[in-house]
Amino acid sequence: MDPPNLSAFFVGSVNGLICLCNHELETYIWNPTISKSKKIHDSPLRSSSNTKFGFGYDESHDDYKALFINYSSLCYYDSMCNVSNPKIVVYIYSLRTDSWTTVHGQLQGNFLTNTLGKYINGKINWISCNRLGIGKIISFNTADETWGTLELPTFRQDNCNYQLGVVGNDLSLINTSNFMDTSSDVWIFKNCEFWTKLFTIEYHPNLSHFMWAPHLSDAFSIQFHESNNGDFLLLLPPLIMIFDGSTRRLKHNVYVEGSVDDGGCDAIEIYVESIVNPLTIFDQGRRIQNHLAENSA
C-alpha cells in the first residue's frame with residue numbers, strides 16, 4: 001500500500017482489515033494479507049488533537065465503520081472548580097457507502113480517557129470519566145449507531161487507572177489501584193453478562209520506574225490481548241511483556257528502543273488473516289447506490 005506519509009498508528013483491526021491513521025488524519029483501511037487498501041477521502045477533521053478513535057464491523061450491513069470523536073477544546077476548571085463541557089462532535093465513516101455522517105449532542109458530560117476504542121461483539125468501547133472522576137464504559141453499536149453504557153466492576157474508583165482490552169470474545173479491563181502499585185487486576189465481562197476477575201499480575205520491582213515515569217502521558221496505558229496459546233500480550237511503553245496464562249507469571253520482557261520518544265510502540269493489536277477486500281466492499285456499496293438512484297429517477 002501507499003502508507004500515510006507521516007508516522008501512522010493503529011485505530012483498530014477487525015476481520016483482517018486494519019484501520020491506520022496519522023496525526024494529519026490521513027486514514028487507510030488496509031488488508032496486508034492481500035495487499036489491498038482503501039484511502040478514506042474527504043475527512044471533515046483537520047487535526048487529531050484531542051480526538052478519540054474507533055474501528056468496528058457492522059455485521060447487519062456487511063460494513064466497516066471508523067469513528068472520530070472530536071473534542072473542540074480541552075477540559076479546564078473554572079473559578080468554582082467545575083470542569084468545562086467541551087463541544088463534542090462525532091464523525092462516522094462508512095466503508096460501504098464511502099461517506100461521512102456527522103453527529104452532534106452526544107457524549108456531553110463525559111470525557112473518554114482512552115484514545116483508541118476496543119471493538120468486540122458489534123460494539124466499540126471506551127472508558128469514560130465524568131466531572132466527579134467516576135468511570136464507566138461508553139459503547140457505540142456499529143449496526144444501529146446508538147450509544148450505550150456499562151458499569152465498571154466493583155473496585156475503588158477514586159482514580160482512572162484502568163484500560164480496556166480484549167480477551168477471546170470478551171471485553172476485558174485492567175485496573176491498577178495507585179501510581180506506586182506494582183500489580184494489576186485483570187477482569188473480563190463474561191458472555192456480555194457479568195464482570196469476573198481473572199487474575200492479578202505481579203510486576204517485577206524493576207519495572208516500577210516505568211509505571212510512574214513522569215515522561216509518560218498515561219502511566220498505565222497497558223493494553224492486553226490473549227494469544228492463541230493462552231498467553232497475554234501487554235504493552236507498558238517502552239516495554240512489551242508476555243504474561244503466561246498457565247503459570248500466571250510474566251515470562252518475557254522486550255524493551256523497544258525509542259518507543260517513548262517517537263510513539264513507535266503505542267498499541268497492541270491482534271491481526272487475523274483474511275481475504276476481505278476493502279475495495280470490493282466499497283465497490284459493492286457504490287453499485288447499490290447507483291442502482292437505487294437509477295430506479296428513483
Side-chain angles (χ1 to χ4, degrees), residues 11-12 50-56 67 69 71 75 82-83 85-86 88 90 106-142 146-203 211-212 216-226 232-236 241 243 245 248 267-270:
V11 173
N50 210 26
T51 299
K52 312 300 180 181
F53 304 87
F55 181 61
L67 265 71
I69 303 171
Y71 289 78
C75 291
N82 294 316
V83 67
N85 269 331
I88 303 172
V90 180
Q106 301 287 337
L107 304 178
Q108 293 301 135
N110 292 280
F111 186 80
L112 305 183
T113 61
N114 51 316
T115 300
L116 304 179
K118 293 297 180 181
Y119 173 80
I120 190 74
N121 298 323
K123 297 179 180 179
I124 307 173
N125 302 271
W126 294 264
I127 293 284
S128 171
C129 282
N130 62 16
R131 294 185 180 190
L132 302 177
I134 298 175
K136 61 182 176 182
I137 294 173
I138 300 288
S139 64
F140 175 81
N141 189 310
T142 56
T146 59
W147 298 86
T149 60
L150 173 66
E151 296 299 321
L152 295 171
T154 303
F155 48 66
R156 288 184 59 191
Q157 298 182 19
D158 55 355
N159 55 56
C160 290
N161 297 334
Y162 26 77
Q163 185 76 22
L164 290 177
V166 174
V167 174
N169 293 319
D170 295 312
L171 183 67
S172 51
L173 180 143
I174 192 165
N175 169 255
T176 306
S177 60
N178 60 69
F179 286 102
M180 296 302 293
D181 204 346
T182 57
S183 66
S184 298
D185 296 330
V186 175
W187 300 72
I188 63 169
F189 193 54
K190 192 66 176 178
N191 300 323
C192 299
E193 295 178 355
F194 58 91
W195 287 104
T196 181
K197 181 179 171 181
L198 279 184
F199 48 78
T200 297
I201 299 174
E202 300 287 347
Y203 303 107
M211 300 181 70
W212 58 269
L216 294 179
S217 60
D218 184 358
F220 291 100
S221 60
I222 303 172
Q223 303 174 48
F224 60 105
H225 289 270
E226 187 177 24
F232 291 81
L233 282 161
L234 300 101
L235 172 64
L236 181 63
M241 298 175 284
F243 183 79
R248 299 294 193 254
I268 292 175
E269 287 290 339
I270 296 297

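Note that this is a predicted model, so its numbers are computed, not measured. Quick note: residue numbers are just sequence positions, from 1.
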Exercise. So which heavy atom on C192 is nearest to which on N121, and how close?
Worked result: SG-ND2, 3.2 Å
For this session: Starting at CZ of F111, measure out to CD1 of I138 and round the result to the nearest 0.5 Å.
Result: 13.0 Å
Exercise. Are any non-hydrogen side-chain atoms of W126 and L67 less than 4.5 angstrom apart?
Worked result: yes
For this session: Determine whether I137 and I127 make a side-chain contact, defined as any pair of heavy atoms from C-beta on separated by less than 4.5 Å.
Result: yes
Exercise. Can you say whether the rings of W195 and F189 are parallel (under 30°), tilted (30 to 60°) or perpendicular (over 60°)?
Worked result: tilted
Problem set entry | Between OG on residue S139 and CH2 on residue W147, distance to nearest 0.5 Å | 8.5 Å
Problem set entry | Partners passing side-chain hydrogen bond (donor to acceptor under 3.5 Å, both in side chains) against T196 (at least two apart in sequence or in another chain) | none
Exercise. Of all residues at least two apart in sequence or in a different chain, which pass the side chain to side chain contact (heavy atoms under 4.5 Å, CB included) check with N141?
Worked result: K123, A143, D144, T146
Problem set entry | L116, T113, L112, N114 screened by side-chain contact (heavy atoms from CB on, under 4.5 Å) with K52, the one that passes | L112
Problem set entry | CA sep, side-chain torsions, deciding dist, call: W187, L152, side chain to side chain contact (heavy atoms under 4.5 Å, CB included) | CA-CA 10 Å; W187 300 72; L152 295 171; over 6 Å; no
Exercise. If you measure from CZ on F140 to CD1 on I124, what distance do you get to the nearest 0.5 Å?
Worked result: 6.5 Å
Problem set entry | Closest contact, heavy atoms only, L107 versus I88 | O-CD1, 3.3 Å
For this session: Check for a donor-acceptor pair, side chain of D170 on one end and backbone N or O of N191 on the other, with a separation under 3.5 Å.
Result: yes
For this session: Give the intermediate values and the outcome of side chain to side chain contact (heavy atoms under 4.5 Å, CB included) for residues V186 and L173.
Result: CA-CA 6 Å; V186 175; L173 180 143; over 6 Å; no
Problem set entry | Interatomic distance, T200 atom OG1 to I174 atom CD1 [nearest 0.5 angstrom] | 9.5 Å
For this session: Mind checking side chain to side chain contact (heavy atoms under 4.5 Å, CB included) for I120 and listing every partner two or more places apart, or none if nothing turns up?
Result: N125, V166, L171
